[in-house]
Enquirer: 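My questions will all concern the structure given below.
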Amino acid sequence: DAGITQSPRHKVTETGTPVTLRCHQTENHRYMYWYRQDPGHGLRLIHYSYGVKDTDKGEVSDGYSVSRSKTEDFLLTLESATSSQTSVYFCAIKPGTSGGDEQFFGPGTRLTVL
Amino acid sequence: SQQGEEDPQALSIQEGENATMNCSYKTSINNLQWYRQNSGRGLVHLILIRSNEREKHSGRLRVTLDTSKKSSSLLITASRAADTASYFCATDSGAGSYQLTFGKGTKLSVIP
């Protein structure tokens, strides 16, 4: 998993509660991404980061915020979880410009919002 | 919106046969990548082909790219039961920060 960990791996929460998912990498890669995966949709980009404190929105960013205060951690927050945010969330990294263009994925977090 | 669309959605073959999956996309690209996902796991990068390349090989994998038709194909030769997985194409349109847009995937089942 290219030194990428996600926590928690599984979470069940109730509608309206805040939830924070953490992605941690050990190799100081510059680019980090959050995706969600839903049946029939493949992976869709939520937010991404191109450096500490540098983040931007992806295709499905509504209802999500992110923060990156350290190179190694990229946090995804659902301010007030809804049932439509039940999904599997994947974090990915891309090595810097000197590396290849492929992304490396973490193991995923399965989130259920009741 | 989905950039890549894989075809077929599901494919079942016997071990030893070849498996071909297709991907179509809508906008111009810098590169196209194929990933594999085993059930319940994260995605694993398989192969990348750049927009100025037409064919690329890696082991039992062969990828072709036709930018005029905005399509790519992934061929897995001499399939094995361990190749059972979902396969996704992903495109980098050059929008910045190496963002990828994924298709919905092809679920491949290789029967021993």
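Residue numbering restarts at 1 for every chain, and letters A, B, ... go by the order of the sequence lines. Quick caveat: nothing in here was measured; it's all calculated off a predicted structure.
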Enquirer: When rounded to the nearest 0.5 angstrom, what is the spacing between NZ in A:K94 and CD in B:Q99?
Expert: 13.0 Å
Enquirer: For atom CD of B:Q9, is the number of surrounding heavy atoms from other residues, nucleotides or ligands below 6.0 Å larger than 12?
Expert: no
Enquirer: According to a 4.5 Å side-chain heavy-atom criterion applied to Ile, Leu, Val, Met, Phe, Trp and Tyr, with indirect links allowed, do B:V44 and A:F90 form part of one hydrophobic cluster?
Expert: no
Enquirer: Ignoring hydrogens and angles, tell me if any N or O in the side chain of A:E59 forms a donor-acceptor pair with the backbone of B:T101 under 3.5 Å.
Expert: no
Enquirer: Measure centre to centre between the rings of A:Y48 and B:Y98, then say whether the value is under 6.0 Å.
Expert: no
Enquirer: Starting from A:Y50, can I reach A:Y35 by hopping between I/L/V/M/F/W/Y residues whose side chains sit under 4.5 Å apart?
Expert: yes
Enquirer: Run the ring-centre check on B:Y35 versus A:F105 and record whether the distance is less than 6.0 Å.
Expert: yes
Enquirer: Assigning hydrophobic clusters by single linkage (Ile, Leu, Val, Met, Phe, Trp, Tyr; side-chain heavy-atom cutoff under 4.5 Å), is A:L75 placed with A:W34?
Expert: no
Enquirer: If we count only N and O atoms by modelled type, under 3.5 Å, do the side chains of A:Q37 and B:Q37 hold a donor and an acceptor together?
Expert: yes
Enquirer: Going hydrophobic residue to hydrophobic residue with side-chain gaps under 4.5 angstrom, can you get from B:I47 over to B:L65?
Expert: yes
Enquirer: What's the shortest heavy-atom distance between A:E102 and B:H45, and which atoms?
Expert: CB-CD2, 3.2 Å
Enquirer: Under 4.5 Å from any heavy atom of chain A, what part of B:L100 do you find: side chain, backbone, both or neither?
Expert: both
Enquirer: A quick test of your reading: do over 12 heavy atoms of other residues, nucleotides or ligands sit less than 6.0 Å from CD of B:E17?
Expert: yes
